[in-house]
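See below for the structure under consideration.
Naming: A, B, ... by sequence-line order, numbering from 1 per chain. Everything quoted here is computed from the prediction, not taken from an experiment.
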Amino acid sequence: MGEQKAIEMRGITKRFGSIIANEGVDLEVRRGEILAILGENGSGKTTLMNMLSGIYFPDEGQIFIEGKEVVIRSPKDAFDYKIGMIHQHFKLVDVFTATENIILGMKDEGKYNLKDAASKVQAICDRYGFVIDPQKKIYEMSVSEKQTVEIVKVLFRGADFLILDEPTAVLTPQETEKLFSVLRKMRDDGKSIVIITHKLHEVLALTDRVTVLRKGKFIATVNTKETSESELTEMMVGKKVSLNIDRDDPVDPKDRLIVKHINCRNIEGRKILDDISFTVRSGEILGIAGIAGSGQRELLESIAGLQKLEGGEITYINPANDKAEDLRNKTPMQIRNLGVRLSFVPEDRLGMGLVGNMDIIDNVMLRSYRKGKTVFLERKEPADLAQKIIDDLEVVTPGPTTPVRRLSGGNVQKVLVGREISSAPKVLMVAYPVRGLDINSSYMIYNLLNEQKKNGAAIIFVGEDLDVLVELCDRIMVLNSGKITGIVDGREAVKEEIGLLMTKSDNVKGGNADG
Amino acid sequence: MILNSAFLQNAAGAFSWATVALFLQRAIVQGIPLLYGSTGEILTEKSGNLNLGIPGIMYIGGISGVIGAFLYENSLPSRDAINPALAILIPMLCSVLGSLLAGLLYCFLTVSLRANQNVTGLALTTFGVGFGNFFGASLVKLTGSEVPSVALSATSAFFKKSLPFAGKLGNFGTVFFSYGFMTYMAIIIAVVAAFVLKKTRTGLHLRAVGENPATADAAGINVNRYKYVFTCLGSVIAGFGGLYYVMDYACGVWSNEGFGDRGWLAIALVIFCIWRSNWGILGSILFGGLYIVYLFVPGSLSTQELYKMLPYVVTLIVLIITSARKKRENLPPASLGLSYFREDR
């Protein structure tokens with residue numbers, strides 16, 4: 001490993017209006033190393049890196065590359081300095097092939113020749129061990145393939161410095177391991193890699209050095225070998241945090257929701273849920289693991305009455321009178337009134353459940369506007385509830401009348417989850433509730449779920465972080481291409497085992513899924 | 001036109017190859033304005049702009065050419081002094097200028113000011129039709145003519161000039177060689193547009209802008225420039241449709257509202273040929289044929305009115321089929337109708 005400084009940022013400050021995103025941050029990237037930038041959400045990691053990749057321009061401070069001061073004003077400038085960034089939300093055109101995406105925007109001399117470009121792409125793939133089909137369309141690709149295209153795109157432009165923004169957020173453990181081995185290979189090839197993350201075990205497994213940011217300020221840079229998980233957390237959060245999720249034994253579990261043999265097709269006629277049967281019990285958290293798009297969303301929507309089913313039964317056992325009710329012929333409103341609540345955090349966060357242009361109170365009111373007695377809206381109660389959510393969940397907002405769209409992602413999620421939990425549901429379905437949340441807020445959500453569990457709610461938790469699933473859930477059901485490939489006990493489950501169940505039949509199903 | 005249809009009705013009585021050839025020829029003549037309009041709109045939509053102002057722009061392109069030709073013809077000492085090159089160039093340049101300004105206006109409103117594209121487009125159509133009628137009526141006043149139309153037959157003669165040997169080739173000549181140059185120009189433009197879209201780097205960048213402007217922006221493509229250039233270019237091409245209609249199809253006679261609803265059919269054609277301008281060539285001939293098929297079927301005036309519905313019925317059916325069809329490549333550009341602003345999240 002060389003000790004040569006390749007990139008140096010000195011005293012970088014960036015403000016957005018009155019908010020200070022970065023304040024006097026120093027950073028140093030060496031040649032041939034993997035550096036982690038660790039910090040909670042809103043600590044300014046991405047902003048700092050966006051200044052290297054030309055998206056933002058620093059208000060103060062200097063950037064040096066190979067000892068020379070440089071000015072980076074656009075993504076193009078960044079490319080000229082051989083800096084490439086892989087954003088968290090992929091910047092790819094869905095209907096283009098991998099090759100078309102990779103050469104997009106390049107103005108190299110010579111004729112426009114897709115065949116040549118494809119073979120150049122193939123050469124890069126062979127060199128680092130990527131597996132992609134240059135002719136495949138992006139919309140036919142899995143998340144990890146898309147990420148590969150993004151990385152190849154940056155390498156194709158000759159980048160020597162790669163910045164990856166939370167690259168593992170959407171990958172399975174196996175895919176993550178594959179990514180890491182590719183990154184190590186690139187490091188050995190002399191490239192410098194910066195990875196933005198808040199997952200501590202990844203930092204320890206992959207990186208050479210760690211730079212910790214907190215609330216936009218530089219805290220420290222340490223050698224990975226000389227640090228530990230608890231030390232890093234303390235630097236990141238600013239106080240000692242217990243990293244264990246509580247898991248009490250279920251109290252008096254009773255069957256609450258019985259799903260039998262449900263099937264469902266998507267618009268294109270592909271089977272998206274295939275003979276799904278399981279039982280959810282009160283006082284228990286049932287985790288659902290699976291690669292994104294394995295049918296999680298459709299399953300939850302089926303229970304909430306939002307999805308058309310092809311046969312099968314969904315029975316809800318009403319705790320008030322132990323009567324079994326068939327949910328299939330009820331409207332979503334009736335199902336909600338039975339106490340079945342769905343809180344789905346989609347990738348774009350605002351897509352479902354909240355209305356971006358409305359404020360927090362109005363969004364809370366979406367669930368209660370029918371309760372009013374007069375034709376006029378009753379705003380007092382929702383306003384109180386909104387204030388309570390803001391206080392309890394520490395939502396950072398100028399006030400309850402701020403449009404939800406203006407809040408940061410994590411705070412949007414708190415409002416969504418907070419609203420659903422506030423109605424004391426009998427069945428609570430949450431999907432990706434901690435997506436993109438920092439450690440503190442994540443644990444706050446886990447505690448809320450545990451509280452609901454203690455109160456006897458049956459909880460379905462769709463998650464993407466397997467570490468959390470095995471720590472939080474009583475049972476974990478694995479979905480794979482719309483089928484259940486296993487239901488394991490959360491106390492005995494091993495991450496790798498679940499990872500295998502998630503991808504097991506991929507080879508067999510692969511052909512089908514593409515068709 | 002009236003004489004013409006009476007003639008066709010007589011011809012419709014018995015089947016003959018000559019009738020078929022004539023029908024094809026008339027279908028192509030009818031289709032060319034639609035082809036100009038749809039090629040223009042395809043380029044525009046590929047940049048992510050849904051320009052519903054196209055019908056208006058076609059009016060503007062038509063009347064601008066008419067104004068140019070009118071001024072030129074009137075500036076001549078006698079009709080024999082007309083210069084063939086100028087007779088063609090002046091109306092074309094005026095048409096380009098008119099449609100370009102309309103396209104620029106649309107771009108300024110939707111790209112720079114990020115106004116709603118639907119509203120802007122519809123307003124532009126209303127404006128364009130009114131613009132055409134206003135200046136059309138003014139010209140009629142200037143000529144002091146009895147009929148409410150302006151005739152520019154001298155200019156039109158140059159636009160309609162077909163190859164000299166066309167008449168000697170029988171039905172083959174009728175179908176392939178009996179047109180003025182703007183017909184072939186329309187087909188060439190459509191083929192070139194398809195080639196550029198599919199086979200060039202510019203086309204790739206343009207499609208990226210229409211599909212996902214944020215991605216294009218991050219890749220260093222100037223999104224606004226592509227939107228401006230191709231929306232204006234599309235407007236100019238669509239404007240040629242209006243010019244062709246007056247100068248070639250209508251024999252140089254401008255009458256208000258004469259162009260009718262062809263602009264909307266052009267937009268329907270964009271969907272019909274799923275954003276492929278080379279498919280638009282055949283599509284436009286089909287639409288053109290449906291537009292005039294009533295002249296070729298025997299029947300009373302009242303049944304003819306039913307046949308006149310055909311292009312619209314087909315458009316409806318096409319809309320239903322295309323919206324039921326799910327192949328990703330055949331869907332409209334993903335960010336069609338949305339304005340792009342880098343700092344939005």
Side-chain angles (χ1 to χ4, degrees), chain A residues 16 50 53-56 73-80 84-87 89-97 99-114 117 137-140 146 149-150 153-154 156-157 266-270 348-350 356 405-409 412, chain B residues 42 45-48 116 192-227 229 274-276 320-336 338 340-345:
Chain A
F16 294 104
N50 275 339
S53 67
I55 307 258
Y56 299 141
R73 286 199 175 271
S74 71
K76 217 191 135 289
D77 288 353
F79 279 131
D80 292 343
M85 180 154 169
I86 289 113
H87 296 269
H89 300 286
F90 301 138
K91 297 206 179 289
L92 296 170
V93 179
D94 273 352
V95 294
F96 285 8
T97 64
T99 311
E100 285 174 327
N101 267 294
I102 287 166
I103 63 163
L104 189 66
M106 291 192 63
K107 291 182 188 75
D108 48 12
E109 328 68 78
K111 258 175 60 189
Y112 173 73
N113 189 334
L114 280 176
K137 294 271 166 80
I138 298 299
Y139 66 82
E140 297 169 332
K146 287 181 195 171
V149 174
E150 283 279 21
K153 186 162 124 187
V154 168
F156 192 90
R157 280 145 217 255
N266 66 2
I267 304 173
E268 285 127 62
R270 208 169 80 206
D348 57 359
R349 287 184 177 132
L350 281 174
R405 183 171 47 87
R406 296 257 182 81
L407 305 183
S408 81
V412 169
Chain B
I42 286 169
E45 291 197 9
K46 282 289 179 188
S47 76
N116 181 303
V192 169
F195 177 82
V196 168
L197 279 174
K198 198 153 169 62
K199 297 277 182 201
T200 68
R201 188 172 283 127
T202 309
L204 183 77
H205 292 182
L206 175 63
R207 282 184 288 142
V209 167
E211 289 288 340
N212 192 336
T215 297
D217 195 14
I221 296 169
N222 188 334
V223 172
N224 284 359
R225 188 163 79 198
Y226 268 83
K227 280 181 175 252
V229 167
I274 46 176
W275 292 268
R276 281 168 205 170
I320 292 166
I321 294 171
T322 42
S323 49
R325 197 164 38 182
K326 279 297 177 292
K327 203 159 172 264
R328 287 292 289 270
E329 285 83 353
N330 296 344
L331 293 178
S335 87
L336 182 63
L338 308 173
Y340 174 65
F341 181 44
R342 187 185 285 177
E343 279 136 66
D344 256 358
R345 58 169 199 137

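- For B/Val229, the side chain to side chain contact (heavy atoms under 4.5 Å, CB included) partners at least two apart in sequence or on another chain are B/Arg225.
- Contacts of B/Leu204 with chain A are made by both backbone and side-chain atoms, with heavy-atom separations under 4.5 Å.
- In this view, A/Phe90 satisfies the ring pair (Phe, Tyr, Trp, His ring centres under 6.0 Å) rule with no residue, not counting sequence neighbours.
- A/Asn101 places none of its side-chain heavy atoms less than 4.5 Å from the side chain of A/Glu150.
- Contact tally against chain B (heavy-atom pairs below 4.5 Å) for A/Lys153, A/His87, A/Arg157, A/Glu100: the top residue is A/Glu100.
- Shown here for A/Lys137 and A/Val95, the closest heavy-atom pair between the two residues is CD-O, 3.0 Å.
- Looking at A/Leu92, only its backbone comes within 4.5 Å of chain B, counting heavy atoms on both sides.
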